[in-house]
Amino acid sequence: LTVVPSVRLHAGARMPQLGLGVYLVPAARTRALVGSAVSIGYRLIDTAAMYRNERGVGQAVTEAGLRRDDVFVTTKLNNDAHGYDAALRAFEHSRSELGLDYVDLYLIHWPLPHLNRYVDTWRALIKLRADGVVRSIGVSNFEPAQLDRLRDETGVTPAVNQVELHPHRIRQRLRAYHAAHDIVTEAWGPLDRGAALRAGPVIALAEKYGKTPAQIVLRWHLQLGNVVIPKTATPARLRENFEVFDFELDADDVDAVSALGATRD
Ligand SMILES: NC(=O)c1ccc[n+]([C@@H]2O[C@H](COP(=O)([O-])OP(=O)(O)OC[C@H]3O[C@@H](n4cnc5c(N)ncnc54)[C@H](OP(=O)(O)O)[C@@H]3O)[C@@H](O)[C@H]2O)c1
């Protein structure tokens, strides 16, 4: 079985660098899909209260019979649950849907700056971590100024920022900020929902390496140091997206993929 490399989160936990995202996986199909993923070797599953499939994720993880600390489960606080008390309640709901004693990573799904409540929400996540029901805490879709505010007002920096990142949006400045602050960059929409697989340079590299376009793009993410969570509801693609540890892109080829996003940060 392939063992996925992991990254170290600043609070000390380790997170697999490749996982399965389950956005738009119907609730009724989630348990079987996640079960297949785990049997292939996936050890990171990314869900959210918003996706309404936490229950299936939790069932599959529990049924897999792995040691609890051999699988890494992320879920996210929904947009309607900002604020300290609401966030604590929302977490408890997610945890009971998942049926787990603890969640590995809990993220604020969106900052919603117009509400101006994300700092209070963050204080709730800090408490959840102190209580031991969440191992690591982070955010999603945050900009540097918002990350600065969390650190300056609470003293706690998110372990992870999960953001849209793919060859058409390479987030160079944000990744540099993350690196400077010991924040792991996690890429959502890593395949640009399929659009990245149709890019000419990606297709050319697939031919050069004898790999599929998806494998080229995922390899590019891994070599940038991103955690990456491609979604597929297609069983054959689960395996395809996992078989990315037996080759390496040359540095020039990494740059050729990055060049696709050079005009947009
Ligand atoms: N934090 C946030 O705000 C946020 C936002 C969006 C997503 N996310 C997370 O990131 C995960 C991934 O993002 P995403 O689902 O938006 O987009 P994505 O992973 O870039 O793309 C998923 C699409 O690509 C297709 N696909 C997957 N593997 C393929 C392959 N090997 N060959 C060809 N097509 C392939 C899938 O089709 P099939 O399923 O039909 O195979 C699906 O249509 C989500 O599931 C979710 O966990 C987070």
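As the structure is a computational prediction, the values presented were derived from the model and not from experiment. All ligand and atom numbering here is 1-based and tracks the order in the structure.
- Among the atoms of K76, none of the N or O lies under 3.5 angstrom from an N or O of ligand 1.
- Under a 4.5 Å side-chain heavy-atom cut-off, the cluster of Ile, Leu, Val, Met, Phe, Trp and Tyr residues that includes V184 is completed by V7, L9, M15, L44, F72, L105, L107, V160, V227, I229.
- Considering backbone and side-chain atoms alike, A187 places every N or O at 3.5 Å or more from each N or O of ligand 1.
- The closest donor-acceptor contact from the side chain of R31 to the backbone of A60 lies at 3.5 Å or more, if one exists at all.
- Contacts of N241 with ligand 1, taken as heavy-atom pairs under 4.0 Å, involve the side chain alone.
- Q223 and R219 form a side-chain donor-acceptor contact under 3.5 Å, judged by distance and modelled atom types alone.
- Between D46 and K231, none of the side-chain N atoms (NZ, or NE/NH1/NH2) sits under 4.0 Å from a carboxylate O, so this pair counts as no salt bridge.
- Ring geometry for F247 versus Y209: interplanar angle of 30 to 60°, hence tilted.
- Q17 pairs by the side-chain hydrogen bond (donor to acceptor under 3.5 Å, both in side chains) definition with nothing, not counting sequence neighbours.
- Each of the atoms 3 (O) of ligand 1 lies under 4.0 Å from some heavy atom of W110.
- Using a 4.0 Å cut-off between charged side-chain N and carboxylate O, R95 and D101 make no salt bridge.
- Here the heavy atom of the protein found nearest to atom 48 (C) of ligand 1 is Q162 OE1, 3.0 Å.
- Each of the following atoms of ligand 1 lies closer than 4.0 Å to a heavy atom of D192: 20 (O).
- Considering only non-hydrogen atoms, atom 47 (O) of ligand 1 lies nearest to D46 out of L165, D46, V25.
- Of the listed options Q215, K231, H166, K231 places a heavy atom closest to atom 36 (C) of ligand 1.
- For the pair Y84 (side chain) and V119 (backbone), a donor-acceptor distance under 3.5 Å is absent.
- Residue L191 has at least one nitrogen or oxygen atom sitting less than 3.5 Å from a nitrogen or oxygen atom of ligand 1, judged on distance alone.
- For atom 12 (C) of ligand 1, the nearest non-hydrogen atom of the protein is I229 O, 3.1 Å.
- Residue R237 holds the heavy atom nearest to atom 34 (N) of ligand 1 of all those in R237, E186, R198, E240.
- Of the protein's heavy atoms, G189 CA, 3.5 Å lies nearest to atom 17 (O) of ligand 1.
- The residue from W188, Y51, F242 that puts a heavy atom closest to atom 46 (C) of ligand 1 is Y51.
- The protein non-hydrogen atom at the shortest distance from atom 3 (O) of ligand 1 is N141 ND2, 2.9 Å.
- Of the N or O atoms in L197, none lie within a sub-3.5 Å distance of an N or O in ligand 1.
- What sits closest to atom 14 (P) of ligand 1 on the protein, heavy atoms only, is R193 NE, 3.7 Å.
- Between R135 and D69, none of the side-chain N atoms (NZ, or NE/NH1/NH2) sits under 4.0 Å from a carboxylate O, so this pair counts as no salt bridge.
- With hydrogens and angles ignored, the 3.5 Å screen pairs no side-chain donor or acceptor of D120 with any backbone N or O of G83.
- The atoms of ligand 1 that sit less than 4.0 Å from any heavy atom of P230 are 19 (O).
- Salt-bridge annotation for R151 and D148: present, with a side-chain N of the basic residue lying under 4.0 Å from a carboxylate O of the acidic one.
- When each atom of ligand 1 is checked for a heavy atom of A233 under 4.0 Å away, the hits are 38 (P), 39 (O), 41 (O).
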(request) Step by step, work out the ring pair (Phe, Tyr, Trp, His ring centres under 6.0 Å) result for H178 and F142. (result) CA-CA 11 Å; H178 289 167; F142 274 54; over 10 Å; no
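- In this structure, atom 43 (O) of ligand 1 is not in close contact with the protein, since no protein heavy atom lies within 4.0 Å of it.
- With Q146 contributing its side chain and E143 its backbone, the two residues share a donor-acceptor pair below 3.5 Å.
- Of all protein heavy atoms, the one lying nearest to atom 45 (O) of ligand 1 is Y23 N, 3.0 Å.
- If you look at A214 next to ligand 1, the close heavy atoms, those under 4.0 Å, all belong to the side chain.
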